[in-house]
Amino acid sequence: MHEFALADAVIRSALEFAEQGGIARITKLVVRIGELQTIAREVFDYALKEIMPAAEPRLAEAVIVLETEPARFRCRPCAHEFTLAESGGPKEAEDAEAMHFIPELAHACLRCPRCQSPDFELLEGRGVSIASIEGE
Amino acid sequence: MHEFALADAVIRSALEFAEQGGIARITKLVVRIGELQTIAREVFDYALKEIMPAAEPRLAEAVIVLETEPARFRCRPCAHEFTLAESGGPKEAEDAEAMHFIPELAHACLRCPRCQSPDFELLEGRGVSIASIEGE
Amino acid sequence: MDPRLSVVGARLAGAARILGVTGGKGGIGKSCVASALALALARAGRRCGLLDLDLTGPTDHVILGAPAGFPEEAHGVEPPLCSGVRFMSLTCFAGERPAPLRGADVTNALLEILAITRWGELDALIIDLPPGLGDAAMDCVRLIPRAEYLVVANASRVVQETVRRNLRLLTEMKAPVRGVVENMARSGSDEVRRLAAEHGAPFLGSLPFDETLEPAIGSAERLARTPFFAAVSALRKTLFP
Amino acid sequence: MDPRLSVVGARLAGAARILGVTGGKGGIGKSCVASALALALARAGRRCGLLDLDLTGPTDHVILGAPAGFPEEAHGVEPPLCSGVRFMSLTCFAGERPAPLRGADVTNALLEILAITRWGELDALIIDLPPGLGDAAMDCVRLIPRAEYLVVANASRVVQETVRRNLRLLTEMKAPVRGVVENMARSGSDEVRRLAAEHGAPFLGSLPFDETLEPAIGSAERLARTPFFAAVSALRKTLFP
Ligand SMILES: Nc1ncnc2c1ncn2[C@@H]1O[C@H](COP(=O)(O)OP(=O)(O)O)[C@@H](O)[C@H]1O
Ligand SMILES: Nc1ncnc2c1ncn2[C@@H]1O[C@H](COP(=O)(O)OP(=O)(O)O)[C@@H](O)[C@H]1O
Ligand SMILES: [Mg+2]
Ligand SMILES: [Mg+2]
Ligand SMILES: [Mg+2]
Ligand SMILES: [Mg+2]
Ligand code: NI
Ligand code: NI
Ligand SMILES: [Zn+2]
Ligand SMILES: [Zn+2]
């Protein structure tokens, strides 16, 4: 469950943001989860709660929203745009796990469905990011 | 005057665009010139006219507009945003000429004015690009 | 907003010192020096990590003979212990598959590895850098500002050309150069010493060209018996007294 | 819209054949092989160009002893004639200055060079590629789809590991591999021949480890008198009969 490490990053990032913006209480935190990393919402949700500092007043009342972002790719040689499903997805469990750890391993595991090139751009849906933070 | 090579690229690109879009006559072509490459408008304008195929009906009546785009940089280590003037500009004539040929040599010739890093991003104003093409 | 940027410092906080092995040029033995240095630290009883940041041409797993397979997950990724060295490489996840990565992918993959790897307490973290003055080299300076650098060079003219550019750049980026070491030294030549002096960097001596190194690759036991390793162990004492 | 993409094909149209020298690994002699091959072509009376695409670690100017200074401009940039070879490198513009370039910068600089260089009529254009499976390697495949590849390897285990990844990738990208050549061969070993066979690529023989190569670097005259050059000349006959 390396999700804990990513949840930890999210919490630290939110607190850093609060620090820099002089925010006393974070009210809402929208976290985006890219499809490519195949992090299960429930796992990540659990990780966030586990990692959350018990005595952290700035986060105590924050509503945390998890959004999933579909992955979209564009092939550089042939300009074809495709989704994860259209690429055929990971062939083996090992491929899925490799991309779960390092989404860039898509270039080792996936191919453009039109021209088979590994030289594609990941337009959206990579990994964990913070979409927005609200506070007061 | 390697401007001819770039003007040639612009003309070929416009004709390719017309070809693909089934456009019979290009009426307007807006070319953007990035400040970093220090291409003089007059030189480029002259080059475009020189390179223009005499018997090219698709371009015969095109209005060609040249726009200059100021260069803007953002330093990766320190996040400072700066202009070419703020960077101090090229120190020697050789630096200016190097960037005239290959704008990426900014990383060899310019530094972030705040932290002196060569690791900056060029946000705008690199070189020659086509901003828009109108045709019928 | 990229949450990973907020956690890199914390993940590396347990490492007392961080040393990047670089030089700009490929094939001068950066990976052999980095791997042997990590091994020498472990054999001297130090807690040591080795991170292979040559993401598109990783070799440290071959040099150390690291076993294949995904690392353990425990509130992050635990770098497997390999001949006493905590080891992390893209190959831990990619295995044999070639991973062509453009610059932005290198930055992302490197940042992901830094964000999820739990090194724990280390006396030293050795970072093996790729050739070239590209994304990995610049991200190492940017993301790990307290990293020091060991520059590997040799007497060849093409190597000197490349190492000179690398040294100029490290100096400009205010990255502390702990020293320059000559590798594959065949006879007494003064080129590398002069190159170091030119850039105000300490010259840390020469590692011999060693015919017995190549057959020892893949086994920490055999590596540790080579003259090359003996020379790296002496270098280790200078760098980590 | 990037106008440069529309002109690359036209700029290279005069080159009868284009050969990329690659291998993935640094320090196996890609640049020495590429430079010597270009020189051998010129000496055989062929019109030959050499393009150094190792933008952050260029060395071909050192190997050939190319004079410094900006190239002539004439409706584009004219690659200077250097010992009979039309030569182009980022160093023609950058000189001694180190140019740290991230991936997107590599793509841009490479595209700019391809867009402005007027090679004219050539029997062969040799492209020297950097180590790694990164932007330059992928852009070469993407922007110059008719390029063929010569893969340089040697018997070292770390080299084999890297070259294997490179061969797999070239095959996947449908880039035609003209052959694999062993460099720095010291004794009769079969590793490189086997590696080539594994990937269905022709094995093109071995170039000897040559003590006299290093002191010849920087002078085309001296290079041409080395046993290494004699072996590259034989390879030239195979590749460009
Ligand atoms: N001191 C040495 N003596 C003999 N061979 C060496 C020595 N150092 C490195 N090598 C060999 O040189 C090659 C390149 O080494 P490597 O560590 O992969 O270089 P880099 O990481 O700089 O690309 C390998 O085949 C390795 O076995
Ligand atoms: N056949 C050979 N015999 C001896 N030395 C060689 C040979 N080929 C290359 N070298 C040396 O190996 C080093 C690396 O060569 P280079 O062409 O720069 O490799 P690459 O371009 O693959 O990084 C140089 O010092 C060069 O002189
Ligand atoms: Mg290496
Ligand atoms: Mg390595
Ligand atoms: Mg080279
Ligand atoms: Mg080169
Ligand atoms: Ni996990
Ligand atoms: Ni010009
Ligand atoms: Zn495609
Ligand atoms: Zn800065």
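Nothing here was measured: the structure is a model prediction, and the numbers come from that model.
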Original post:
Which answer fits C:T162, side chain, backbone, both or neither, if we ask what part of it has an atom under 4.5 Å from a heavy atom of chain D?
Top reply: side chain
Subject >> Criterion side-chain contact (heavy atoms from CB on, under 4.5 Å) on C:L150 and C:R178, from CA distance to verdict >> reply: CA-CA 6 Å; C:L150 171 66; C:R178 266 307 302 264; 5.7 Å; no
Subject >> Top of D:V159, D:V106, D:T56 for chain C proximity - count of heavy-atom pairs under 4.5 angstrom >> reply: D:T56
Original post:
At a heavy-atom separation under 4.5 Å, does C:I28 approach chain D through its side chain, its backbone, both, or neither?
Top reply: neither
Subject >> Check ion pair D:E112-D:R4 (N to O, under 4.0 angstrom) >> reply: yes
Subject >> D:R164 and D:E198 ion-paired at < 4.0 Å >> reply: yes
Original post:
Who among C:D139, C:N166, C:I217 has the most heavy-atom pairs with chain D under 4.5 Å?
Top reply: C:D139
Subject >> C:E211 portion near chain D, given a 4.5 angstrom heavy-atom threshold >> reply: side chain
Original post:
Which of the residues C:P100, C:G29, C:A104 is involved in the greatest number of heavy-atom pairs with chain D at under 4.5 angstrom?
Top reply: C:P100
Subject >> side chain to side chain contact (heavy atoms under 4.5 Å, CB included), paired with D:M184, selected from D:D210, D:V152, D:N154 >> reply: D:N154
Original post:
Is chain D contacted by the side chain of C:D105, its backbone, both, or neither, given a heavy-atom distance below 4.5 Å?
Top reply: neither
Subject >> Option that, when pairs with chain C are counted at under 4.5 Å, heavy atom only, ranks first among D:C32, D:G103, D:G26, D:P98 >> reply: D:P98
Subject >> Electrostatic pair D:R157:D:E161 at N-O distance under 4.0 angstrom >> reply: no
Original post:
Just by modelled atom types, is the C:V62 backbone N or O under 3.5 Å from a matching donor or acceptor in the C:T59 side chain?
Top reply: no
**OP:** Just give me the residue among C:M173, C:E172, C:H61 that pairs up with chain D most often, heavy atom to heavy atom, under 4.5 Å.
**Re:** C:H61
Subject >> C:P131 portion near chain D, given a 4.5 angstrom heavy-atom threshold >> reply: side chain
**OP:** Check step by step if side-chain contact (heavy atoms from CB on, under 4.5 Å) holds for D:I63 and D:L223.
**Re:** CA-CA 9 Å; D:I63 297 170; D:L223 270 177; 3.8 Å; yes
**OP:** Verify side-chain contact (heavy atoms from CB on, under 4.5 Å) between D:V151 and D:V177, making sure each step is shown before the conclusion.
**Re:** CA-CA 7 Å; D:V151 171; D:V177 176; 4.1 Å; yes
Original post:
Contact part of C:R97 toward chain D, heavy-atom cut-off under 4.5 Å: side chain, backbone, both or neither?
Top reply: both
